[in-house]
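Since the structure comes first, as structure tokens, the remarks are kept for the end.
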Amino acid sequence: MHNTIAERLASAQSALGQIQSNQTVQLIAVSKTKPAADIRAAYAAGQRCFGENYVQELADKATQLADLPAIEWHFIGPIQSNKTRDIARYADVVHSIDRLKIAQRLSAQRSAQQRPLRCLLQVNVSDEASKSGVAPQDVLALAAQVAVLPNLQLVGLMAIPAPAVAGDNSQAFATMQQLSQELQRSHPQATELSMGMSDDWQQAVIHGATMIRLGSAIFGARNYVHE
Ligand SMILES: *Cc1c(COP(=O)(O)O)cnc(C)c1O
């Protein structure tokens, strides 16, 4: 049993180290619904990148933890256009851009004093009407539009595959790997591929993930639902 956040982090890092991959893989600790104290504990154990889904939580925790000099905030949740201002202010990386309007607002609201906001395009890889994300066939067109916006830096693609038959997301991950390679032909710097969560990250890494997003594997089960 791994009881503490530090132990779960060490265990995840060690499992990650045992998977053969050609790429460097960054672990994003998804701290949604968890208190700032849990993030402090993970930071003390060496974790630097944290993922949040809700804008208000991002703003609150970034403010409470502003004393941690090397913390890096990744926004991974759905983005409503009236909520972009705090994302532009507090996030270092945004994984969930799926339309031009959102990118334009983030670009306009990101201070030129700050480092450019690193952006990933969220792809609707499982073609499910209920999920957000740009359709695979529209990725290159959106990438071309986002890449020219000031104060943003297009760094790659992200996906949340629909829960698959028998828990096997290999097909979706393979599709994403191919899309990422296509994107890199026109945007060689856009090498990041954010995919894989607590239950399927090993498959994602095998298919080229460079960022995995682990919530419950690091912080334990989430025991309340966000409203
Ligand atoms: C909640 C969430 C995660 C983490 O999920 P776990 O199954 O707890 O690892 C990863 N990515 C996104 C987009 C999420 O919303």
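Numbering starts at 1 and runs along the sequence shown. Ligands are counted one by one from 1 in listed order, and the atoms in each one are counted from 1 as well.
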Output side-chain donor-acceptor pairs under 3.5 Å for residues 173-183, partner residues at least two apart or in another chain, one line each.
{"unit_1": "Thr175", "atom_1": "OG1", "unit_2": "Gln171", "atom_2": "O", "d": "3.0"}
{"unit_1": "Gln177", "atom_1": "NE2", "unit_2": "His207", "atom_2": "O", "d": "3.3"}
{"unit_1": "Ser180", "atom_1": "OG", "unit_2": "Gln184", "atom_2": "NE2", "d": "3.0"}

Q: Could you tell me whether His95 approaches ligand 1 through its side chain, its backbone, both or neither, with non-hydrogen atoms closer than 4.0 Å?
A: neither

Q: Answer with side chain, backbone, both or neither: which part of Asp199 has a heavy atom less than 4.0 angstrom from an atom of ligand 1?
A: neither

(Q) Heavy-atom pairs closer than 4.0 Å: do any link ligand 1 to the side chain of Leu214, the backbone, both, or neither? (A) backbone

Q) Taking only heavy atoms of Ile160, which atoms of ligand 1 are found under 4.0 Å from at least one of them? A) 13 (C)

Q) Between Asp200 (side chain) and Met197 (backbone), is there a donor-acceptor pair under 3.5 Å? A) yes

Q. What atoms of ligand 1 come closer than 4.0 angstrom to any heavy atom of Ser216?
A. 6 (P), 7 (O), 8 (O), 9 (O)

Q. Between Ser96 (side chain) and Gly77 (backbone), is there a donor-acceptor pair under 3.5 Å?
A. yes

Q) Hydrophobic cluster mates of Ile76, side-chain heavy atoms under 4.5 angstrom, ILVMFWY only, any path? A) Val30

Q: Report yes if Ser198 has an N/O atom closer than 3.5 Å to an N/O atom of ligand 1; otherwise report no.
A: yes

Q | Over 12 foreign heavy atoms within 6.0 Å of CZ, Arg85 | A | no

(Q) Could you work out, for atom 14 (C) of ligand 1, the closest of Lys32, Arg213, Met197, Arg222 by heavy-atom distance? (A) Lys32

(Q) One thing to verify: whether Lys61 and Asp38 come together as a salt bridge, which I'm taking to mean a side-chain N less than 4.0 angstrom from a carboxylate O. (A) no

Q. What residue and heavy atom of the protein are closest to atom 12 (C) of ligand 1, and at what distance?
A. Ile76 CD1, 3.5 Å

